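So the structure is just underneath, and the comments pick up after that.
Every chain is numbered from 1, with letters handed out A, B, ... down the list of sequences. Predicted model, so just to flag it, every value in this text is computed and none were measured.
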2 protein chains.
Amino acid sequence: MEKTEGPAAARGRNRPPSQADVAALAGVSSQTVSRVANNRSNVEPETRDRVLSAMRILGYQRNSAARALTLGRFQVLGVVTFDVTAQGNARTLAAISRAAQRAGYSLNVVCVEDQTEEAVQQAVRQLTEQAVDGLVVIEAQILDRPGFNVSSGVPVVVADGDPERRFPSVDTDQAAGAAAATRHLLDLGHRTVWHLGGPQDSYAARRRAAAWHAALKAAGAPVPPLRFGDWTAASGYGIGRELAARPDVTAVFAANDHLALGLVRALHEAGRRVPEDVSVVGFDDLPESAYYLPPLTTVRQDFEEVGRECVAQLLRQIESPGESPTASVAVTPELVLRASTAPAPTAR
Amino acid sequence: MEKTEGPAAARGRNRPPSQADVAALAGVSSQTVSRVANNRSNVEPETRDRVLSAMRILGYQRNSAARALTLGRFQVLGVVTFDVTAQGNARTLAAISRAAQRAGYSLNVVCVEDQTEEAVQQAVRQLTEQAVDGLVVIEAQILDRPGFNVSSGVPVVVADGDPERRFPSVDTDQAAGAAAATRHLLDLGHRTVWHLGGPQDSYAARRRAAAWHAALKAAGAPVPPLRFGDWTAASGYGIGRELAARPDVTAVFAANDHLALGLVRALHEAGRRVPEDVSVVGFDDLPESAYYLPPLTTVRQDFEEVGRECVAQLLRQIESPGESPTASVAVTPELVLRASTAPAPTAR
DNA sequence: CAGCTTGGACCCCCTCGCAGC
DNA sequence: CGCTGCGAGGGGGTCCAAGCT
């Protein structure tokens, strides 16, 4: 009796080949095919070869839906993020993607558009329903929504800080970075340092501002009024115009590089030179920040490390669900000195 | 007889509730639960309410793996991309995400790190195996790998051009943008326009270069040698230093805004003013390009539209598999005039 | 009979076709 | 005809028993 045409193979033609089809072609049972597909050891080499070549002939790919159904795991990590257009988020995402891929997971990404609680909630619902083994949430604002919660007991890791510490988180050490930036300017002899903050609803922005404030206090420097922008060059420019008009501003720490860029343009238009008249420090260290005019002194974030740690933490939670997850991991940023800072103008 | 504790509910405790659990609690069969979950009309309102409240009590979420298994569809779109860190890719991705979400699909994203054929192939394999209903490939280079093919008959759309037209594609009209940039500079009285190209293996970069070349020819302008960079400000700076050394360079069209940024810095360092001595045009229109010094004249790409069209095309293919897919869609970019271009220096 | 490979039964959860009231 | 339930897959994994050496 010919075995090459089992019932499964005969059933339908343009349907992806199943284990049963491979089994029929190889003249074995589908369980043996399963063993081969999963690289089990207890298969006769000769049998394995027959199965493997049958797989190749048929172009067999295992059906992840069926697999997920029986295993109860999906080999998929969910990522919720605002605005991948922001460099920081994009780089964190890229790093997460790399780390996930190395671990054999793929990524289900949802970019939340509106910063409304409902939008976030829907994204999470979609993701957990779409079957993920764990969730990375990039950007803490998302968690500020009081309604945010993950119903289904899916492990969660937060990148970029979780103000209420409800979840394990991985984050750049914002405080260390902001303090380094502020002290650097103070050390250059500036009487004080102004701060151009990020959006007020960003936890990262708030922590940078707080650390700037603390550094000023610690140094006994006066604390100038604080203004919040929204991470864009446009808002850096808008607020920058006000700062440029004040002659007592000689040093500004901007909460990110784009804000710094807008600020520099505003200063330039007002006839105030950077760094001769005003020193500027950014935050992020975008690849292009070294090519701004002048090249920007800034705080470099190690997004790669943040992404890698997120995935590592998540996998740990997934693989040993019992254990209480590690608390927070802080990744230390690094001050990169370039040409946008200089000693305070002597005068006065 | 109490129905609230059916066999299914008793079987295991910390397993997500299934239809059977809901059915047991509501005192109906699981098929009825299915009907309610899928919003079918043929359910008695009173029954539906009972089921709905049972769902709420149990926190029921439907199991997408099982659903996908029976339906043969996953409600997931795969995205393959190089480097989300590149603004263009990130913005396309964001747009795709939005469009997909609106259509009720989620996104399985793979960022390919190395530009090797193997890496790409593996990404595609992972994605098709991970069960996607369709595939968007961002950045044409991926397709240049001769080995690239999608085995499993999954619909594919290419964003950013498909040189060999093997797949339907959606793309910015690179030629129109590059021609507009070149003509703009020519119209300002420059004898000719130099081009600072993107990476040679990028189809978009090649098309921009070709259109620049054609525009010069059409205008009877001499064609200066062409140099290829790699999209980064760093390479713009490197090549920019060479260009800055040549006094006959008075107008440069850079293949993207980051290249233009590096170029401007190089010109600045060489003491050549932009736009008084040299005019520069970029490509992309990043949000921060308006805040460069000087604000950059550039070609604005409508990434939003590209993403939206990709998803639309893909869904069309998915929903009516028979039809031959539409060929290519071109999205027209727009020249944005700012302060980095000026009439050719009179002299000579 | 120990130790190996192999196959049969059953379950995962949901949806569809059909039958029953 | 309206609403509901039964049974059968859909593809693959685990448990356990059967067959072989």
Side-chain angles (χ1 to χ4, degrees), chain A residues 3 6-12 14-51 54-55 58-75 128-131 152, chain B residues 3 6-12 14-24 26-51 54-55 58 60-75 128-131 152:
Chain A
K3 278 272 205 170
R11 207 176 301 135
N14 51 9
R15 157 186 59 78
S18 69
Q19 278 187 357
D21 301 324
V22 176
L25 181 57
V28 298
S29 74
S30 59
Q31 297 72 333
T32 302
V33 177
S34 169
R35 280 189 271 260
V36 173
N38 292 299
N39 244 317
R40 293 290 157 72
S41 54
N42 52 346
V43 178
E44 190 89 352
E46 196 266 339
T47 313
R48 153 172 280 121
D49 286 347
R50 237 177 33 249
V51 171
M55 283 179 172
L58 262 31
Y60 172 75
Q61 292 203 163
R62 56 184 175 191
N63 181 323
S64 67
R67 216 175 129 71
L69 178 58
T70 48
L71 255 32
R73 289 185 333 162
F74 308 88
Q75 297 291 102
T128 52
E129 190 169 304
Q130 252 321 315
S152 32
Chain B
K3 276 271 203 171
R11 208 177 300 135
N14 52 8
R15 157 186 61 77
S18 70
Q19 277 188 357
D21 301 324
V22 176
V28 298
S29 74
S30 60
Q31 299 69 332
T32 302
V33 177
S34 170
R35 281 189 267 260
V36 172
N38 292 297
N39 243 317
R40 292 291 159 72
S41 54
N42 52 348
V43 177
E44 188 92 350
E46 196 266 340
T47 312
R48 151 170 284 121
D49 286 348
R50 235 176 35 246
V51 171
M55 282 180 173
L58 262 31
Y60 171 74
Q61 292 203 165
R62 55 183 175 190
N63 180 322
S64 66
R67 215 177 130 73
L69 179 58
T70 48
L71 255 30
R73 289 184 333 166
F74 308 88
Q75 297 293 102
T128 52
E129 192 168 303
Q130 252 321 314
S152 31

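Residue A/S29 places at least one side-chain N or O closer than 4.0 Å to OP1 or OP2 of C/dG7. For C/dG7, one of the phosphate oxygens OP1 or OP2 lies less than 4.0 angstrom from a side-chain nitrogen or oxygen of A/T32. Between C/dC14 and B/R62, no contact under 4.0 Å exists linking OP1 or OP2 to a side-chain N or O. Taking side-chain N and O atoms only, B/S34 has no distance below 4.0 Å to OP1 or OP2 of C/dC14. Distances shorter than 4.0 Å separate none of the side-chain N or O atoms of B/Y60 from OP1 or OP2 on C/dC13.
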Got a list of protein N/O to nucleotides 18-21 of chain D N/O distances below 3.5 Å?
none

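No donor-acceptor distance shorter than 3.5 angstrom exists from the side chain of B/R62 to the backbone of B/Q19, with no hydrogens or angles considered. One N or O on the side chain of A/D21 and one on the backbone of A/S18 form a donor-acceptor pair closer than 3.5 Å.
The salt bridge (Lys or Arg N to Asp or Glu O under 4.0 Å) test applied to A/R35 returns no partner, not counting sequence neighbours. Residues passing the salt bridge (Lys or Arg N to Asp or Glu O under 4.0 Å) test with B/R67: none are found, sequence neighbours excluded. Residues meeting the side chain to side chain donor-acceptor pair (under 3.5 Å) test with A/T32, sequence neighbours left out: A/S29.
Atom CG in A/N42 sits 11.0 Å away from atom CD in A/E44 (nearest 0.5 Å). For the atom pair CG of B/L69 and OG of B/S64, the computed distance is 11.0 Å after rounding to the nearest 0.5 Å. Expressed to the nearest 0.5 Å, how far CZ of A/R40 lies from CD of A/Q31 amounts to 12.5 Å.
When the C1' atom of D/dG10 is taken as reference, atom CG of B/N63 falls 13 Å away, rounded to whole Å. At whole-Å resolution of the value, CZ in A/R73 and C1' in C/dC12 are 15 Å apart. Atom-to-atom, CG of A/L71 to P of C/dC11 comes out at 18 Å; the value is rounded to the nearest Å. In this structure, A/Q19 places its CD atom 13 Å from C1' of C/dG7, rounding to the nearest Å. If you take CD of B/Q75 and C1' of C/dC14, they are 15 Å apart, rounded to a whole angstrom. Distance A/R67 CZ to C/dC13 P: 17 Å, rounded to the nearest Å.
Side-chain N/O atoms of A/Q31 and base N/O atoms of C/dG8 include a donor-acceptor pair closer than 3.5 Å.
Of the candidates A/V33, A/V51, A/L58, A/L25 forms a side chain to side chain contact (heavy atoms under 4.5 Å, CB included) with just one, namely A/L58.
Note on the helix from C/dA2-D/dT21 to C/dC21-D/dG2: angle between the axes of the first and last five pairs equals 50°, rounded to 10 degrees.
Nucleic acid contact class of B/V28 (heavy atoms, under 4.0 Å, all strands): sugar-phosphate only. Within the nucleic acid shown, A/L69 comes within 4.0 Å of at least one base atom, counting heavy atoms only.
What you find for B/F74 and A/A65 is that their closest heavy atoms are CE2-CB, 3.8 Å. Smallest separation of non-hydrogen atoms from B/V36 and B/M55: CG1-CE, 4.3 Å.
For the contact set between residues 35-50 of chain B and DNA chain C, defined by any heavy atom under 4.0 Å, the members are B/N38, B/R40.
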